[in-house]
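Here's the structure, in structure tokens; my notes come after.
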Amino acid sequence: MIGLADCNNFYASCERVFNPQLRNKPVVVLSNNDGCIIARSNESKSLGFKMGEPVFKIKELIEKHKVNVFSSNFALYGDLSDRVMNTLKSEVERVEIYSIDEAFLDFSDLVTTDRALSIKRKVQQWTGIPVSIGIAPTKSLAKLANNIAKKYVKKGVFILDDESLIKRVLNVFPIEDLWGVGRKYAKRLKQSGINTALEFIHADQEWIRRNFSVNGVRLQKELKGEKCYDLELRPTRKKNICTSRSFGKEIKDYIRIREAISTFANTCAIKLRKEKSCCSKILVFLMTNPYNPNAKQYHPHITLDFQTPTNDSAEIVSMANKALKSIYRNDCIYKKAGVIVQNTTPQEEVQMSLFDKVDRDKRRRLMYSVDKINMLMGKDKIRLAAQGFERRWKLRQERLSPCYTTRFSDILTIDI
DNA sequence: TCTGGGGTCCTAGGACCC
DNA sequence: TCTGGGGTCCTAGGACCC
């Protein structure tokens with residue numbers, strides 16, 4: 001049996017941990033640039049706030065209900081996520097961290113409601129984060145069980161084990177809530193008269209394969225209780241790494257864009273080194289504001305290759321700027337830009353180029369020292385000049401909560 | 001005025017090989 | 001007039017996830 005532990009309204013719950021005044025009050029967390037709603041407490045959900053809704057459209061509603069609004073604070077969420085995962089690992093031997101707020105748990109040894117409940121209570125007590133746990137024979141069914149635990153079961157734990165229970169649940173489970181069925185697939189399925197998980201199980205397998213690829217077939221098998229996805233215990237190396245942002249204010253000036261692209265490229269290089277990977281391709285893209293119908297639209301991108309795979313900041317930044325130069329036009333105003341490094345290989349397995357002139361050992365030691373100094377002294381203490389100093393393109397974050405757990409100056413003090 | 005960011009996998013089609 | 005068979009690799013686009 002496989003369990004899925006999923007934190008309830010994770011980002012909103014994180015904001016509550018060190019700010020108990022928010023309990024039982026509506027909370028929403030916004031995306032970067034304070035643009036859209038990306039997390040809601042139960043209170044906000046019942047007030048009708050929708051996932052992904054742009055904030056400016058619902059300003060009055062927010063004020064009317066005195067909703068507590070926060071900019072996203074990923075330093076806080078990341079740290080609390082680590083605490084939740086470590087707590088789960090203290091109770092279950094085999095844990096797959098699936099996302100920032102979800103983990104699959106191997107329950108093949110012992111499945112009881114009591115065990116699940118005591119795990120849930122421990123996470124709550126040790127981290128302050130409420131979780132729900134669904135347990136079933138396959139990952140897809142565990143996802144489904146979790147969905148039910150969250151919505152309908154007060155104690156927050158639901159075990160989906162015997163066949164007749166599974167059948168009863170599938171019969172009322174909406175097709176669009178299945179794991180792996182997004183908006184497009186749901187629409188197509190409904191057009192074919194398939195509205196519940198049970199109807200999906202009974203659909204013709206060849207038809208599913210044709211319309212929803214092998215993933216659809218796997219989902220169908222998993223719902224029937226046949227395992228297609230195992231627990232993945234070792235974190236896998238990323239194949240692509242992306243750093244991109246919308247700008248707080250739109251930018252036209254080449255120098256400013258170059259500073260942003262240089263910063264994004266440098267961040268990609270840092271992420272690569274953290275993964276101990278090198279990349280052999282780099283993609284740079286620009287975007288004008290698609291929501292402004294009067295603006296000239298231009299969404300260029302270009303991919304360039306490295307002769308020798310690299311994770312050297314200087315090499316990656318200079319290649320990114322070369323790419324930028326070839327797509328930049330000065331008659332557009334840009335809203336967003338980004339850098340994606342691709343075709344990654346483990347840094348120990350880099351294929352050298354016969355004509356390479358770079359002393360790669362020396363460069364690697366240099367990068368190692370830069371990373372180390374920045375870790376000790378603070379982010380960007382050593383940086384490339386191309387990144388600039390002003391960060392004029394920076395995000396809007398007007399309602400940021402303190403980094404309670406990751407910054408000394410933000411640690412709570414207690415008056416006795 | 002104001003609309004997020006970071007990933008993965010699959011498939012079809014084109015280019016190429018012998 | 002008649003024009004094979006069996007592959008691989010790469011990429012763009014589309015779907016999905018959180």
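Every chain is numbered from 1, with letters handed out A, B, ... down the list of sequences.
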Walking DNA chain B from its 5' end, the first of A:Glu250 and A:Asn32 to be reached, judged by nearest nucleotide, is A:Glu250
Scan A:Leu30 against the nucleic acid and name what it touches under 4.0 Å (heavy atoms): base, sugar-phosphate only, or nothing.
nothing
Looking across every strand, which nucleic acid part, if any, lies under 4.0 Å from A:Asp101 by heavy atom: base, sugar-phosphate, or nothing?
sugar-phosphate
Between A:Tyr11 and A:Tyr77, what is the ring plane arrangement, given parallel below 30°, perpendicular above 60°, and tilted in between?
parallel
A:Ser140 and side-chain hydrogen bond (donor to acceptor under 3.5 Å, both in side chains): which single residue from A:Lys224, A:Gln220, A:Lys227, A:Glu222 fits?
A:Glu222
Taking any heavy-atom pair under 4.0 Å as a contact, classify A:Lys238: base, sugar-phosphate, or nothing.
sugar-phosphate
Contact class for A:Glu53 (heavy atom, under 4.0 Å): base, sugar-phosphate, or nothing?
nothing
Apply salt bridge (charged side-chain N to carboxylate O under 4.0 Å, His left out) to the pair A:Lys139 and A:Glu96, showing each step before the final yes or no.
CA-CA 11 Å; A:Lys139 279 186 168 178; A:Glu96 173 190 336; 2.7 Å; yes
When the aromatic ring centroids of A:Phe158 and A:Tyr152 are compared, is their separation below 6.0 Å?
no
Can you measure from CG (A:Asp230) to OG1 (A:Thr138) and round to the nearest 0.5 angstrom?
11.5 Å
Chain A vs DNA chain C, heavy-atom contacts under 4.0 Å, first-to-last nucleotide span, 5' to 3', is C:dT11 to C:dC18
Tell me which residues in residues 175-189 of chain A lie within less than 4.0 Å of DNA chain C, going by non-hydrogen atoms.
A:Leu178, A:Trp179, A:Gly180, A:Val181, A:Gly182, A:Arg183, A:Lys184, A:Tyr185, A:Arg188
Check for me whether A:Arg273 meets the cation-pi criterion with A:Tyr368, that is, NZ or CZ under 6.0 Å from the six-membered ring centre and within 45 degrees of the ring axis.
no
Indicate, with a heavy-atom threshold strictly under 4.0 Å, whether A:Arg210 touches base, sugar-phosphate, or nothing.
nothing
With pairs taken as Watson-Crick or G-U wobble and both distances under 3.5 angstrom, which stems of at least three consecutive pairs involve DNA chain B?
B:5-18 with C:5-18
Point-to-point distance, once rounded to the nearest 0.5 Å, from SG of A:Cys332 to CG of A:Leu286
9.0 Å
Could you check whether atom NE2 of A:His299 has more than 12 heavy atoms from other residues, nucleotides or ligands sitting under 6.0 Å from it?
yes
Base, sugar-phosphate, or nothing: which does A:Thr243 touch, judged by heavy atoms less than 4.0 Å apart?
sugar-phosphate
Roughly how far apart, to the nearest Å, are C:dC17 and B:dG4 at atom C1'?
15 Å
Set out, in order, the CA-CA distance, both residues' side-chain angles and the distance that settles side-chain hydrogen bond (donor to acceptor under 3.5 Å, both in side chains) for A:Arg218 and A:Asn215, then state yes or no.
CA-CA 5 Å; A:Arg218 289 188 189 128; A:Asn215 291 324; 3.1 Å; yes
Can A:Arg329 be said to sit on top of A:Tyr298's aromatic six-ring, NZ or CZ under 6.0 Å from centre and within 45° of the ring axis?
yes
Please work out which of the three classes, parallel, tilted or perpendicular, describes the rings of A:Phe18 and A:Tyr404, given edges at 30° and 60°.
parallel
